[in-house]
Every structure is written in structure tokens, then in C-alpha cells.
Amino acid sequence: MASTCTFPLFLSVSLHLFLATFASSSEADILLSFVGSIVDSSSSLSTWSSSSSPCNWTGITCSHADPSTTLLSVTAVDLQSLNLSGEISPSICSLRSLTELNLANNLFNQPIPLRLSECSSLRVLNLSSNLIWGTIPEHISGLSSLRVLDLSSNKVEGKIPESIGLLSTLQVLNLGGNLLSGSLPSPAFKNLTELRVLDLSLNPFLTSEIPPDIWSLEKLERVSLQGCDFYGEIPDGSISGLKKLTHLDLSQNNLTGGVLMLASLKNLVSLDGSQNRLTGPFPDGICNRNNALVTLNLHTNSFNGSLPADSLGQCRSLERFQVQNNEFSGDFPSGVWSLPKIKVIRAENNRFTGEIPELVSMASQLEQIQIDGNGFTGKIPHGLGKVKSLYRFSASMNRLAGEIPPNFCDSPVMSILNLSHNGLSGRIPALQKCRKLVSLSLADNSLTAEIPQSLADLPVLTYIDLSANKLTGSIPQGLQNLKLALFNVSFNQLSGQVPSLLISGLPASSLEGNPGLCGPGLPHACPDQDSSLRHHTGSLAILAPALISIAFGIGLLMFTAGFLVYRKSSKQKTEKITWHSVFFYPLRVTEHDLIAGMNEKSAIQTCGIFGRVYILTLPSGELVAVKKLVNFQNQSPKTLKSDIKMLAKIRHKSIAKILGFCYCDDSIFMIHEYLPGGSLGDLIRQQDFELKWSERLRIAIGVAQGLAYLHKDYVPHIIHRDVRSNNILLDSELRPKLTDVALDRVVGEAAFQTTVASEAASSCYFAPECGYSKRATEQMDVYSFGVLLLELVTGRGADARGESGDSVNILKWVRGKINITNGALVILDTRVSSGCEPEMLGALDIALCCTSVTPEKRPTMPEVVKALQSLSSGSCPQSLGFSSSEEHQLPV
Ligand SMILES: *[C@@H]1O[C@H](CO)[C@@H](O)[C@H](O)[C@H]1NC(C)=O
Ligand SMILES: *[C@@H]1O[C@H](CO)[C@@H](O)[C@H](O)[C@H]1NC(C)=O
Ligand SMILES: *[C@@H]1O[C@H](CO)[C@@H](O)[C@H](O)[C@H]1NC(C)=O
Ligand SMILES: *[C@@H]1O[C@H](CO)[C@@H](O)[C@H](O)[C@H]1NC(C)=O
Ligand SMILES: *[C@@H]1O[C@H](CO)[C@@H](O)[C@H](O)[C@H]1NC(C)=O
Ligand SMILES: *[C@@H]1O[C@H](CO)[C@@H](O)[C@H](O)[C@H]1NC(C)=O
Ligand SMILES: *[C@@H]1O[C@H](CO)[C@@H](O)[C@H](O)[C@H]1NC(C)=O
Ligand SMILES: *[C@@H]1O[C@H](CO)[C@@H](O)[C@H](O)[C@H]1NC(C)=O
């Protein structure tokens, strides 16, 4: 790239040369010369050939550059997202009418081509998301017609040149996500009076005051200055002139480039960056003349003083208000509570005072309130219960007092409540209406009376912390039916017997400080074990498992019966059963061959929840796996055929192929490719499961890729709905293949629901929301995948037996271990973990994220694939320092 570094004098000479060479050439020649230096590894530009008009080529737009002629000229070259690499040649500037050049999202790895500044008619230059490095050349000012400059997400470094001020027509300037450094050229910005969008975010080495001139650019709509190293104050009154501002993000200017640089050199010296923060009060006037503000994000800085209440109360369009992690004090601006469009209020970790007003009921869009760690006082208003969109209310560590209003949890989507460490009194309300409540923290208040029985009816309640209150009475029996990851009632005045199923999975510290409680493992045995046992037998708690096993028994009987009847009829009057078969591969086999081959001998161990699998040798000698589904719901043959065809078209290395299927009135046989490695579930459950960690990770990545493909790439998008280790088969090289994909489409939704519903209660693969959600979601698959990943990390089956011999839900076990022993290391499968701890802990983190109780917190499968792949690069290095157990907090 010597040419990009040439001396300006030489530049003008070469410009003349260019004009001489190209001015007379046709546009096709110019473009072909441009593409000559580009490496097009995906052959995306195969249409670029001199045999057709360039206006027909991929990415080329032509229009009448000059209205007086009928001639079309090339005005836009848009080659974004085509995996292009090689070199961006400035020869493109010979296209006299070129106004738009978009090469975003490719693999160009070079400095910004200096001579692009010769494209003097260019209005849009988009080079974002490449691997572009080097500094922004002073000559950028040559692009004197530029409206849009997007260099975001590259590795551009150095200072922003002062000459940027000469681009006075610029409307969009996006330099976010680079390695820019130094301070901003203060006077330059004054000239950019047309600027609508300014994005300098995520440049951690940009250590600068924010030039006050920025605040006088009246046309600004979006200002993104987060994640840099800006410091200093924002002058009083400066932002009141921004009438069109919709989006202001100044968050997380706490990075202090120096610290980051040191950290990246693995030199963990911590510097005090506190003087390098945005500080001082936030200026008045932001919504005085502006009705458009949607987002105001100031979080994680060192702003102090009180917020301008009058002005903020006028932000009628405001949706997101984030001021958390600052040093704000004084009364919280009360008008914000009742803004008509407000969705998110985050103000935790400041020193705000004041009360939450009754008028909060007016904020009918409010979804999330986080005000933990402030000095809020007063009662929790009734008005809060009237906001039906609220899903998170967390106000721990304040000075709230009085009773919790009975309508407190009336929002049907409420999931997370945290009122711990306040001065609340009175009883805990019944909370019947919030069927989606996952986490309830009321620790360290002065709550009295009993724990409401009704908590046991909340289907997804998973975290309950009622510790350090004045609760009395006994622990409701029903609570043991919840899938609890945390239950803490320590330091209350509870009494009586602890429900037996509850006590087994619980660390002692969850119950301590209640002298009246009794039961096994507690200081006091219960006075009369016998009578309490009798009492139990009558209770639902014991009955429920019994009922399940009876139901299961009946199911099994029906299944066997069905099978026998079928076999009998097939022997006696085969001709009366009409079979239909559809093969997607040339299988030389008849239904009768299949039926004849399906017997006890060919049945393999693993039994999915929908039926048995048989391994058959076809007359050709080929092996196939046949799954017999009992067709509960009579789907129309047409739907059935089109659904299975849709599934059979899936082609992915991690998804087992469907070779064909046969069906009659009461059965469906799905014919799959045979995989000699058996199921992953069987493998994990073997005593001598010693698959190396690298193999396990490879399997995990394969499965994740398969799911990502189903979720995002295959059309129509598919949700697997039954991800579990038994449904992962392995080929001879232990490559994973998913089976039983979207069986709901085969057996029908209703049949799927009934079968799954009986299973869901006992299986830990199903996400908590399966219990109440009508619709299957990708996040449910992600959850199940997380459980599978836990099996690989721990080497335990999802339903392995615990120390005492009873079945232990793996999630409960893992969470219990992390909670109690304060060490994630104990969880890792010691048979293979030596030297691989960092990778396995990384995988554990991913698994815990995937199994977050709140679906929104879970990553998507493509994200999981990326995260897992980034682990695998290390290939188990020996003894790198691994993350401490403190980092393994439970995601909620
Ligand atoms: C190319 O464009 C011409 C008109 O300019 C049009 O008639 C022709 O169909 C196009 N060819 C292709 C392959 O699109
Ligand atoms: C770009 O390359 C990646 C990986 O090589 C590939 O998955 C993707 O399909 C390619 N995209 C295009 C548009 O060719
Ligand atoms: C630049 O291209 C990227 C990739 O297509 C796109 O996301 C971005 O919005 C474009 N930038 C501007 C300012 O339009
Ligand atoms: C502002 O623009 C004018 C004219 O375009 C130019 O002469 C001046 O040097 C620019 N100022 C800065 C600071 O860039
Ligand atoms: C900046 O704040 C974030 C969020 O609180 C924190 O995670 C990060 O460690 C902080 N960085 C520095 C350098 O203080
Ligand atoms: C805000 O912080 C600045 C700098 O730390 C300090 O000088 C000022 O007194 C503080 N103001 C308030 C109101 O606390
Ligand atoms: C509730 O708040 C306390 C104090 O801020 C915090 O320690 C705890 O983790 C929170 N609980 C949940 C489940 O978020
Ligand atoms: C239960 O709460 C008490 C007091 O709040 C705390 O000390 C203890 O660590 C908690 N135990 C568990 C298992 O969370």
C-alpha cells in the first residue's frame, strides 16, 4: 500500500494521470479495473462482466446524472456484506457521477485509502464493519460534498483530524467502535452545522473533554458518546438549544484508556480513573424546547448534584431514562414517574431522595424500574400495581416503609421483585395475579405474619428470599412443588416441620435462625414423626409423584397394548391396514420389511418420550433407524406429509437426516439415517464417560450450530422443542446429530402438549416458562441446550442420582453447589478437567446464561455458537489463572 502514503504533491500528478487514463474509458472498464484489485472469495460479483451493461451488475445503481441527457451513469456502488477483501482502489473515483460508495461489512484489511478523497462528488461513504486500520487522513476534507461518513466498527486509530471541520455538509458522522485516541479537535465541530447524527461511541482511548461547540449544533438528533474516555463537565444551559434531539447517550465514560490498555497487556495494575469521568451536574433545559427526546442515558459516570426536575418532567416522548451509577443526589425528578411513554427508569446506585408518587399509575408503558441503593422514602404507592406492563421492580436498599399494597403484583408480566433491605412492615400480600413472577426478594425488612400459601401457585417462582424478617407460622407445604433455585427464610420466627422435599436440596443457612423449625438435619427433630408422616401421606406432596407414576404406568400399558394389537393385526390381516410411504432417498424397502424387522431385538435402549427406536437392516444391507410414533392426534395426511417433507428438507451437518416415513391410521414410522455412536445421553450416563473436554466442546458447538441453523437460517424457522442429550446421536467420529426435530409438527400440537406436559413437570430440560407460555419460543430451546451443556461440563446426566440415591435435577445441583460451596470448580467433571478448567468454567458460564430463569436474559443460539467457539481457541492451555468463583453469580 505504498500509494496511500505518498506525498500530496505526487498525488495531484497521479490524479492527472488517472483522468487521462479513465476519462475516456467506459464506466464498465472503470468498474472492472476497480474490481480487479478486490478478492471476491464468495464469487458474489460474477455478474460483473463486460458482456452486459454495468447497470445490471450486482450492487450497481444507475440513474440520469444529468437530467438533460437520456444517458444512464453509475451513481451508486453498494457492495456491502459480500465477504470482499483485497484492496479498495481509488480508480473508482473516475466515475464522475458516483455519489454513493458502500463497502460496509466486508473483510477489507488496509488503511483508509487516501486517494478516495478524489471522489469529489461522493455524498455517502460507508466503510463500516471492515478491518480498516491506520489514521483518518487529513485529506478526507477533499470529499467536499460528503453527507454521510461511516467508518464505524473498524480499527481506525489516532486523532480525529481537524480538517474534518471542512466537511461542512456532513449530516451523519459515525466513527464508533474504533481505536481513536487523543482529544477531539474542538473548533472543527463548530463548522458541522448540518450534523444530525454524531456517533463516536466505543472508542476507549478517546480521552477528551466534550467540545462545547457540539451542543450548539442545532440539527443534532442522535448523539452517541458512550463507552469512551470523555471527562469534564457539560456547561450549564448548553443543551437547551438542541430542539430535535431524540437520543443522547453519554454512558460509561469510565473506561480510562490507560486502564484498558494495561488490562489488555495482561498487566492488571488498577489505576484510579475517578478524575477522568464526566462530572458536575447535568445541565438544565433538555426538554424545555424539545419534545422529541426518547432516550437519555447517563449511566456509569460521576455526574453529581440534583437533576433538573422541571425540564425532565416535560420530556413527553421519553422512553428510556438511565442515570444509574452516578453520584446524583437530591429529590428524584418526580415528573419522570408519570411520563406517558416512559418504559425504563434506572437510577440505582445514586443518592436520590423522595417518594414514588401515586401518579406513577399514569405511566402506562412502564416496564422496568430499578432504583436500588438510594435514599427513597415513603410507601410503595397503590398506583404502581395499576401499571400492567411492569415486569421488574427493584428498589432494594432504600428507606421505603409501610405495608406492601395488596395490588402490588397485579401486573400480569411481573417477573422480578426486589424490596430487600428496606423498612417495610405488615404481611406479605397474596400475590396471586403475577403468574410470571420468577424472583421475589423481601429480605431484611420487618414483615410479619405467615408466608402466604398462594406463593406455591405461582408456576415459575424460582427465587424466594424472605430472610431477616419477622415471619411466623410454618413453611407452606406447597412450596416444595416449585422448582426453586433459592429459598431463604433464615432469621425469622417460623416454626413447625419443614416440608420434606424442600429440606433435602437446601443449604442449612437457608433455614437457620428459626428456633421453632424442626425436621431432619435441623437442630430440632420434630416432636412426633409418626403422626406427621400420616399427615404427609394424605398431602398432595406425596400424592403427586404417585399420580405421575401411575399415569406413566398406564401410558406404558397403553403403549404396549397398542403395539401388541398392532402386531397381531399385522400378522392376521395385513392387507386391511393401508400403509402409505414417502421416501426422500432411494430406499429399497417395503412397509412389510419394516414391520417385520421391528421387534424386541432391534429396539434400542433409548426411548424418547414419543416412542421407541428400532435399528433395522434393510435388504440392501443398509442400516436405518426407525422411530415408531403413536399417532395420537389424527392429523390430515396432507398436513402430515407436508410437515414431514418440510423437516426432511433440512440439510445441516448437525441434524440427522430423515430418509422417509410411512404412516397408517394409528402409527407413523420415521426413518432416519443410522448413527453408530448411539445417543449422547447414553454415553454420559456410562460410568466410564471419559470423553476429553475438547471432544465435548466440539459436540456442544455442533449441537449449537444445528440449533442456530434451525432458529435463524432455515425457512421456515423451526424450534426443536425437545433438546436433550437422548436426542443427540453421534456418528462414528462422534459428530453430533440432532434428532426428533420439531416433533410437534408430526404428532400435532395437542398431542405434543399432552405428552410434554406430563413430562415437563419432572424434566429439568424444560424452561420454567413452558409451564405457562402457550407459544413455543427459541429461548426454550436455548434453555434446554444450557442443561445439555451442564451435562457435558459436569459429566452428570441431567437426572443423575444424588449422594443419597434420589434423582437430582442437574440445575438444582449446580446452583446448589455454586451457592453453598462457593466454588464452581467442584462442579467440573474431574475426570477430564485437568488443564481445561478455564475453558470449562467458560462453558459453565455460558450454560448458566442459557438457563437464566428469565427468557429475555438468555443468549440466542448464534451468540452461543460464537461464545463456545471463542472458548475452543485455547485448546486447554495448561494452568492459566482461571476466574474466581465469585464471578459465578446466578443470572436471574
Ligand atoms: C439488463 O438491462 C437491460 C436494460 O438495460 C434489460 O433489458 C436486460 O433484461 C437486463 N439483463 C438482465 C440479465 O437483467
Ligand atoms: C461469507 O463467508 C462466510 C464464511 O466463510 C459464509 O458463511 C457466508 O455465507 C459468506 N457470505 C456470503 C454473502 O457469501
Ligand atoms: C453503513 O452500512 C452498514 C451495513 O450495511 C449499515 O448498517 C449502516 O447503517 C450504514 N451506515 C449509514 C450511516 O447508513
Ligand atoms: C469552517 O469552514 C470554513 C469554510 O468551509 C473554513 O474556511 C474553516 O477553516 C472551517 N473551520 C474549521 C475550524 O475547520
Ligand atoms: C466502568 O463501569 C462498568 C459498569 O459499572 C464496570 O463494569 C467497569 O469495570 C468500569 N470500568 C472502569 C475502568 O472503572
Ligand atoms: C460534584 O463533583 C465536583 C468534582 O468532583 C465537585 O467539585 C462538586 O463540589 C460536586 N458537586 C456536588 C453538588 O456535589
Ligand atoms: C436484591 O437486592 C439485593 C441488594 O441490592 C441484592 O444483593 C440481591 O442480589 C438482589 N436479588 C436479586 C434476586 O436480584
Ligand atoms: C440466607 O439469608 C441470610 C441472611 O440474609 C444470609 O446470611 C445467608 O447467606 C443466606 N443463605 C443463602 C443460602 O442464600
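Just follow the structure's listing: the first ligand is 1, and inside any ligand the first atom is 1. Numbers for residues simply follow the sequence, beginning at 1.
The aromatic rings of F332 and W337 sit tilted relative to each other, their planes meeting at an angle between 30° and 60°. Using the six-membered ring where Trp is involved, F303 and F282 have ring planes that are perpendicular, over 60° apart on the 30 and 60° scheme.
Where the criterion is an N or O separation shorter than 3.5 Å, residue side chain and backbone included, D150 meets it with respect to ligand 3.
Atom CZ of R346 is surrounded by more than 12 heavy atoms from other residues, nucleotides or ligands within 6.0 Å. Enclosure of atom NZ in K244 is not indicated, since only 12 or fewer non-hydrogen atoms of other residues, nucleotides or ligands lie within 6.0 angstrom.
Side-chain N/O atoms of Q370 and S394 include no donor and acceptor closer than 3.5 Å. A side-chain donor from one of T353 and D331 sits under 3.5 Å from a side-chain acceptor of the other. Donor-acceptor pairing under 3.5 Å is recorded for the side chains of W133 and N109.
Closer than 4.0 Å to atom 14 (O) of ligand 6 lies at least one heavy atom of the protein. Distances from atom 7 (O) of ligand 3 to the protein include no heavy-atom value under 4.0 Å. For atom 11 (N) of ligand 6, a protein heavy-atom neighbour is present inside the 4.0 Å cut-off.
Of all the heavy atoms of V148, the ones lying under 4.0 Å from any atom of ligand 3 belong exclusively to the side chain.
Near A104, the atoms of ligand 3 lying under 4.0 angstrom from a non-hydrogen atom of the residue are 2 (O), 3 (C), 4 (C). Listed by number with element, the atoms of ligand 3 under 4.0 Å from a non-hydrogen atom of N126 are 1 (C), 2 (O), 3 (C), 8 (C), 10 (C), 11 (N), 12 (C). For ligand 3 and Q80, the ligand atoms under 4.0 Å from any heavy atom of the residue are 4 (C), 5 (O). Residue-ligand proximity, S128 to ligand 3, at heavy-atom distances under 4.0 Å covers atoms 1 (C), 2 (O), 3 (C).
If you check which protein heavy atom lies closest to atom 4 (C) of ligand 6, you get T279 OG1, 3.8 Å. The protein non-hydrogen atom at the shortest distance from atom 9 (O) of ligand 4 is L166 CD2, 3.9 Å. With respect to atom 3 (C) of ligand 6, the closest heavy atom belonging to the protein is N304 ND2, 3.5 Å.
Taking only non-hydrogen atoms, the option from T169, L167, N191 nearest to atom 1 (C) of ligand 4 is N191.
Here CG of L245 is found 13.0 Å from CZ of R196. Values are rounded to the nearest 0.5 Å.
Exactly one residue among V156, N178, L149 makes a side chain to side chain contact (heavy atoms under 4.5 Å, CB included) with I136. That residue is V156.
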